[in-house]
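So the structure is just underneath, and the comments pick up after that.
Every heavy atom of this structure was used, including side-chain atoms; hydrogens, water molecules and symmetry mates were not. Note that the coordinates shown come from a computational prediction; the quantities given were computed from them, not determined experimentally.
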Amino acid sequence: RDRIQRDDALDAKWNSARPLGQVITNNDLTAVEKVHLLHWLLEASGLAHDIAMARSTHFPRIDRKFPSPQAFDMPLIYVTPYNLWLDPACLTCSPGQVRTDLRGSPAIVLTGSKEGSVLELPTQ
């Protein structure tokens with residue numbers, strides 16, 4: 001996973017799409033593109049999962065009753081049957097772990113069975 005991540009991978013915006021064939025061939029994926037790729041692979045395998053957006057601990061806490069999609073800045077995958085978070089942009093995280101600046105922060109689920117839910121990310 002570290003071979004296909006560009007240096008500024010965490011700075012990409014959610015809507016900054018580029019042709020996936022080109023970025024894979026050039027080993028030049030951003031965090032957003034890695035989430036899209038993992039989503040498609042999980043979907044093809046039939047494994048239930050959701051796409052979520054997390055809020056970095058660099059920002060003030062939000063009111064969980066009134067989450068605004070603009071308040072979340074990092075894309076993740078949530079594997080629903082296993083209650084497992086995947087952070088494809090983290091170069092050192094094992095499955096179930098997220099980057100240090102996301103640990104314990106809220107994430108809003110954008111798709112799937114838990115759509116609209118605000119979940120807490122793991123603290124380790």
Side-chain angles (χ1 to χ4, degrees):
R1 72 183 156 192
D2 56 343
R3 282 191 3 191
I4 59 172
Q5 181 162 299
R6 55 187 298 140
D7 293 336
D8 62 347
L10 300 179
D11 298 327
K13 302 299 179 215
W14 184 250
N15 60 356
S16 62
R18 301 179 298 161
L20 198 52
Q22 174 188 353
V23 296
I24 290 173
T25 303
N26 296 334
N27 289 335
D28 189 35
L29 276 78
T30 66
V32 171
E33 291 158 344
K34 289 174 97 173
V35 166
H36 283 296
L37 179 59
L38 183 55
H39 161 66
W40 293 324
L41 291 171
L42 291 171
E43 193 171 70
S45 75
L47 185 59
H49 65 285
D50 300 312
I51 296 175
M53 290 294 289
R55 181 173 173 85
S56 169
T57 56
H58 297 298
F59 299 110
R61 301 282 296 172
I62 61 167
D63 184 345
R64 293 172 59 101
K65 295 177 190 167
F66 301 104
S68 168
Q70 294 86 354
F72 297 87
D73 59 330
M74 292 291 159
L76 300 171
I77 298 283
Y78 179 66
V79 183
T80 316
Y82 300 104
N83 192 28
L84 182 72
W85 289 99
L86 300 177
D87 186 355
C90 181
L91 300 180
T92 59
C93 295
S94 297
Q97 295 179 326
V98 295
R99 284 169 264 160
T100 305
D101 63 333
L102 296 178
R103 292 179 184 162
S105 64
I108 189 168
V109 178
L110 302 178
T111 63
S113 61
K114 293 186 177 274
E115 184 175 348
S117 300
V118 177
L119 305 176
E120 197 78 15
L121 292 173
T123 55
Q124 295 187 39

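The structure places OG of Ser117 at 11.0 Å from CG of Leu110, a figure rounded to the nearest 0.5 Å. Taking CG from Leu42 and CG from Leu47, the interatomic distance works out to 5.5 Å, rounded to the nearest 0.5 Å. Of the inter-residue distances, the one linking Ile51 atom CD1 with Ile108 atom CD1 reads 13.5 Å to the nearest 0.5 angstrom.
Thr92 and Gln97 get closest at one heavy-atom pair: O-OE1, 4.1 Å. Closest approach of Ala54 and Leu76 over heavy atoms only: CB-CD1, 3.7 Å. Scanning both residues, Val98 and Arg103, for their nearest heavy atoms gives O-NE, 3.0 Å. Across every non-hydrogen atom of His39 and His49, the tightest pair is ND1-NE2, 2.7 Å. The heavy-atom pair separating Arg99 from Pro75 by the smallest distance is NH2-O, 4.3 Å. For Pro88 against Lys34, the heavy-atom pair with the smallest separation is O-NZ, 3.1 Å.
Side-chain atoms of Thr123 never come within 3.5 Å of backbone atoms of Gly104 as a donor-acceptor pair (strictly under, hydrogens ignored).
Checked options Asn83, Leu121, Leu86, Leu84; the residue passing with Tyr78 is Asn83 (criterion: side chain to side chain contact (heavy atoms under 4.5 Å, CB included)).
Residues Leu119 and Trp85 have side chains in contact (heavy-atom distance under 4.5 Å, counting atoms from C-beta outward). Using a 4.5 Å heavy-atom cutoff, the side chains of Pro81 and Val79 are in contact.
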